[in-house]
There are 2 protein chains.
Amino acid sequence: MTELTNFIQAYFPIPLNQVETLASYFKYKTLDKGDFFLKSGSYCNELSFILDGHLRIFETVEGREVTQWISSRGDFITDIASLVFDQPGRRNIQALKSVELYSIYKEDYDRLPLIIPHWERIEKQFLAKCFLTLEDRIFSFLSMDSAQRFQQMFAYKPELFNEVPLHYLASMLGMTPETLSRIRSKV
Amino acid sequence: MTELTNFIQAYFPIPLNQVETLASYFKYKTLDKGDFFLKSGSYCNELSFILDGHLRIFETVEGREVTQWISSRGDFITDIASLVFDQPGRRNIQALKSVELYSIYKEDYDRLPLIIPHWERIEKQFLAKCFLTLEDRIFSFLSMDSAQRFQQMFAYKPELFNEVPLHYLASMLGMTPETLSRIRSKV
DNA sequence: TGGTCTTCTTGATATAAATCAAGATTTTAA
DNA sequence: TTAAAATCTTGATTTATATCAAGAAGACCA
C-alpha cells in the first residue's frame, strides 16, 4: 500500500495520518487488456489511481475512433461528468495493456468531505491544476504544428512512445499515423 | 445590482439571501477599449463578472498574437493560476470594447469559504464544469475540420461574429482570417 | 473632410497534412 | 508453429489550409 500513499501525497497536500486514512478507502483491482474501465453512456462510480498500465480515453466519431488522452502510471482516472454531476460517462475508457488500479468508489468518495479536513478545497485545487493543463493543451492546437505538438508530448511523456501503439498517440495529438511516422523518422 | 444577483444565481446554486451577501462583495468597474484587465506575468487579484463588452485572452508567440478565448456578457473572467495558486498570470486579457465588470478582489474572495456555506464545494463544481467545457474544446480540435469548428462556435455564440473583429475569432478557432472568411462566404 | 488605419474579402500560389496504397515487421492467437 | 491480425513505414497523390498580395469597405481621427 505504500506506493498508493506516495502517490496520494504527491497529489494532495494533507498530513501523513490523513494520507493513511484516505488510502484505506482505495481498493486494488486489475483490468485485462481490452477491458473497459468505462463505456460511454454508462455511469462511472469510481475515482482510480493507475499503478501500472495504460488507459485510453476515446470516442467514436463517424466510424473512426478519436483518442482524447492516454492515462498511465501515476495518473488519476475517472469521468468527471459522472463522478461530480451524476451524469452518464462521456467517453470510453479502455485498458491498452493489463492495468493495476486503486479505486475509491462513489459511496466512499462522497463522504470524503466529512473525513478529510478541507477535502473540498484540496479537490478544488486539484481541478484548478487540471484546468491549467487543459488550457495549455488547447493553446498547443492554436499555436503549434504537428511536429511541435509531437516534440512537446515526447518531452512530457517519452515512455508512452515505446509502450503504446503509435496510431493512438497520433490521434491524441491531432494527426494521422502516417504523419506521426514521418515526423519521427526525421529525428 | 439585480443583474449581478441574477448572474450569480445562474452560476451558483445557493439560497437567495446568500446570493445577496455574495453580491455585496462585488464592486463595479469599467475598462476602456484597449485597456488590459491583466498583463501576462502580472498578478490577477480579482474574479470578475462581465456585464457588458468583450475581453480577449491572448498570448504573443513568435511575434504573432494567439487568441485563446473571448469572454463576453454573462461570463466570469480571471486568471486561475493567479487566483488559486498565487502565481503570475499566464495570459494577456484585454478589452475589445469598453467593458463593464463586477469584481470581487482576492482579499474578499479568499474569505468566501467562511462566509458562504459550502463555498468550496460550489467552486469545485464550477471548476468541474469548466473542465468539461475545455475537454470538449480539445475534442473539437481532434475530431473536426475548420468549417465544423466554425459552425459549432457560431451555434454557441452567434453574436460574437457581429461584435468582434473576425481575425480574433479565427485565431481562437485555430485558423487564419482568410480561411474563416472563405468558410463564412459559403453560408 | 480627407486621409490613414483596420478590417475583410478574394485570387494565386505554396505548404502541411490527409488519404490511398502497398509492403515489411511484429504481435497475437489458434 | 504457423496463420492471421495489427502495427509501422514509405511513396504517390490529393486536399485543406496557410501564405502572399492586392484592393474594397468601413472606422477613426487630426
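Protein chains get the first letters and strands the later ones, always in sequence-line order, with residue 1 at the start of each.
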Contacts of A/Lys106 that satisfy salt bridge (charged side-chain N to carboxylate O under 4.0 Å, His left out) - sequence neighbours left out: A/Asp86, A/Asp110

Residues which pass salt bridge (charged side-chain N to carboxylate O under 4.0 Å, His left out) with B/Arg91, listed by chain and number, not counting sequence neighbours: A/Asp136, B/Glu59

A/Ser146 side-chain N/O to C/dA17 phosphate OP1/OP2 under 4.0 Å: yes

Side-chain donor/acceptor of A/Ser171 to backbone N/O of A/Tyr168, under 3.5 Å: no

Distance in angstrom units between A/Ile183 CD1 and C/dA18 P, rounded: 8 Å

A/His167 NE2 to C/dA18 P, straight-line distance once rounded to whole Å: 15 Å

Gap between atoms NZ and P, on B/Lys186 and C/dC8 respectively (whole Å): 19 Å

Donor on one side chain, acceptor on other, B/Arg56 and B/Thr67, under 3.5 Å: yes

Side-chain donor/acceptor of A/Arg73 to backbone N/O of A/Glu100, under 3.5 Å: no

Expected rows: protein N/O vs nucleotides 24-30 of chain C N/O, under 3.5 Å:
from: C/dT28; atom 1: OP1; to: A/Lys33; atom 2: NZ; distance (Å): 3.0

Residue B/Arg182, side-chain atoms from C-beta onward, closest of D/dT19, D/dT7, C/dC8: D/dT19

Nearest-Å distance for atom pair OH/P, residues A/Tyr168 and D/dC8: 10 Å

B/Gln152 side chain to B/Arg149 backbone, donor-acceptor under 3.5 Å: no

Candidates C/dA17, C/dT9, D/dT9 - which lies nearest the side chain of A/Ser181: D/dT9

5' precedence on DNA chain C between B/Phe161 and A/Met175 (nearest-nucleotide basis): B/Phe161

Between C1' of D/dT17 and CD of B/Gln148, the distance in whole Å: 15 Å

Length of the NZ-C1' vector between A/Lys97 and D/dA6, whole Å: 15 Å

Between C1' of C/dT9 and CG of B/Leu180, the distance in whole Å: 11 Å

Under-4.0 Å side-chain N/O to phosphate OP1/OP2 contact, A/Thr179 with C/dA18: yes

Value in whole Å for how far the P atom of D/dT17 lies from CZ of B/Phe141: 12 Å

Nearest-nucleotide pick for B/Glu178, side chain only, options being D/dA21, C/dC20, D/dC8: D/dA21

